[in-house]
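Side chains are part of it too, since the values below use all heavy atoms of this structure and drop only hydrogens, waters and symmetry mates.
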Amino acid sequence: MLAYDEVKDLICDMESDRIERTTSFREDKIGPAVCAFSNDYPNHKVPGYLLFGVNDDGSIAGQTITDQELRNLGGIRSNGNILPQPSVTVSQVYHFGEGDVVVMEVYPSLIPPVRYNGRVYIRIGPRKSIANEAEERRLSEKRTSQMKTYDVRPCPESTIDDLQIDIFKTTYLPSAVDREIIQKNNRDLKQQLASLRLYDIVHDCPTNAGILLLGINPLYFIPGAYIQYVKFPGNNFSPEVELEKKFSGALVTELGSIENFIKDIVIKTKPLRNDERMQEFLVSNYPLWALREFIMNAIMHRDYESNAPIYF
């Protein structure tokens, strides 16, 4: 979180092309600006800042910023109008004598071009505009040059405090690394996580895999990262839902919960009598191994850049 003095410096900095000032909270004004900063066309490789409650000339506008306006700003990140999803943080309200100020910090995207409602916006100096064909091609080339799979990309808004470190030490690490190696290991915690691609040392934050596997609240960073079980009555989809269950925690713990749920709730077993052999045998509505494989494949191979969950 920025200190008051840092916010004052941003307000007074009239030279930087990484700062935009506005008094509007309309999405059609904010979305293109977030998109342009995410694309980082000048290749600054550092965040851009949207200052709300500040006039173009650097004076504080005298606005009172409410919780509802803060929620609206947070919703811009995940409402699906900006794709791929931008990485942003929204500050607290800074109360100055002249009025309130809020700062939105927008990180450069690792997978440009980023689009707002299907259009690519960029910044050239203080001006933002829709990218032409050549500019969009340059963004695509930048994406190719820095392309990483989704799981190993950094999750810039997160910190190591967003991971369940106890579970990592007691559950994940012993199953992923030989015990003798762990005993001889003198690396610190971040290096241990990084060796398993759960932490990005360069950006000093967990990777997407780290958040998915060990995150305290994965949904905050990856809105579609949950599995939803829905049971409808009868053989057809209907407006009525007979049973619904949502799994949204860290995969290290949720995978076991999902398997137990399948065993206890989904799988139905009953005995059938074989009169010829004078014995009973058990039959199930679904084979457990097939459902388990089905769910695990869905979790492993889904597109986590989509806001839609896994439906079962």
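With sequence neighbours excluded, no residue forms a salt bridge (Lys or Arg N to Asp or Glu O under 4.0 Å) with Lys169. Looking at residues two or more places apart in sequence or on another chain, you find no salt bridge (Lys or Arg N to Asp or Glu O under 4.0 Å) involving Asp56. Arg273 is linked by a salt bridge (Lys or Arg N to Asp or Glu O under 4.0 Å) to Asp275, counting only residues two or more places apart in sequence or in another chain. Evaluation of the ring-ring contact (aromatic ring centres under 6.0 Å, His included) rule for Tyr286 yields no partner, not counting sequence neighbours. Phe261 is linked by a ring-ring contact (aromatic ring centres under 6.0 Å, His included) to Tyr229, Phe247, counting only residues two or more places apart in sequence or in another chain. In this view, Asp57 and Ser59 satisfy the side-chain hydrogen bond (donor to acceptor under 3.5 Å, both in side chains) rule, not counting sequence neighbours.
Counting only residues at least two apart or in different chains, ring pair (Phe, Tyr, Trp, His ring centres under 6.0 Å) contacts with residues 73-132 comprise Tyr4-Tyr94, Tyr4-Phe96.
A salt bridge links Asp28 to Arg26: at least one charged side-chain nitrogen sits closer than 4.0 Å to a carboxylate oxygen. Electrostatic pairing of Asp13 and Arg18 does not count as a salt bridge here, judged by no charged N lying under 4.0 Å from a carboxylate O. Salt bridge status for Lys29 with Glu20: absent, with no side-chain N to carboxylate O gap under 4.0 Å.
The side-chain tip of Arg71 does not point at the ring of Phe25 from less than 6.0 angstrom away and within 45° of straight on.
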Output, in order, the C-alpha distance, side-chain angles, deciding distance and verdict of side chain to side chain contact (heavy atoms under 4.5 Å, CB included) for Phe52 and Leu73.
-> CA-CA 10 Å; Phe52 296 91; Leu73 292 179; 3.6 Å; yes
Thr207 vs Tyr199, side chain to side chain contact (heavy atoms under 4.5 Å, CB included): CA-CA, chis, key distance, verdict | CA-CA 5 Å; Thr207 61; Tyr199 201 85; 5.5 Å; no
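With values rounded to the nearest 0.5 angstrom, Met104 atom CE is found 11.0 Å from Phe37 atom CZ. The CD1 atom of Ile30 lies 9.0 Å from the CD1 atom of Ile82; values are rounded to the nearest 0.5 Å. Separation of atoms OG1 (Thr269) and NZ (Lys263) is listed at 12.0 Å; rounding is to 0.5 Å. The structure places CD1 of Ile165 at 13.0 Å from OH of Tyr172, a figure rounded to the nearest 0.5 Å. Atom OG1 of Thr64 sits about 5.0 Å away from atom CG of Asp100, to the nearest 0.5 Å. Taken to the nearest 0.5 Å, the CD atom of Glu6 stands 8.0 Å off from the OH atom of Tyr49.
Val152 belongs to no multi-residue hydrophobic cluster, having no ILVMFWY side-chain contact under 4.5 Å with any other such residue. Residue Leu272 belongs to a hydrophobic cluster whose other members are Phe281, Val283, with links defined by side-chain heavy atoms closer than 4.5 Å. Side-chain contacts under 4.5 Å among hydrophobic residues (ILVMFWY), followed directly or transitively, place Tyr311 with no other residue at all. Cluster partners of Leu219, using a side-chain heavy-atom cutoff of under 4.5 Å among ILVMFWY residues and allowing indirect links, are Tyr226.
In this structure the side chain of Leu196 reaches within 4.5 angstrom of the side chain of Leu173, judged on heavy atoms. In this structure the side chain of Lys246 never reaches within 4.5 angstrom of the side chain of Pro309, judged on heavy atoms.
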Show which side-chain atoms of residues 252-259 pair as donor or acceptor with protein atoms under 3.5 Å away, not counting sequence neighbours.
unit_1 : atom_1 : unit_2 : atom_2 : d
Thr253 : OG1    : Ala250 : O      : 3.0
Glu254 : OE2    : Ser248 : N      : 3.1
Glu254 : OE2    : Gly249 : N      : 3.2
Ser257 : OG     : Thr253 : O      : 3.4
Glu259 : OE1    : Arg292 : NE     : 3.2
Glu259 : OE2    : Arg292 : NE     : 3.4

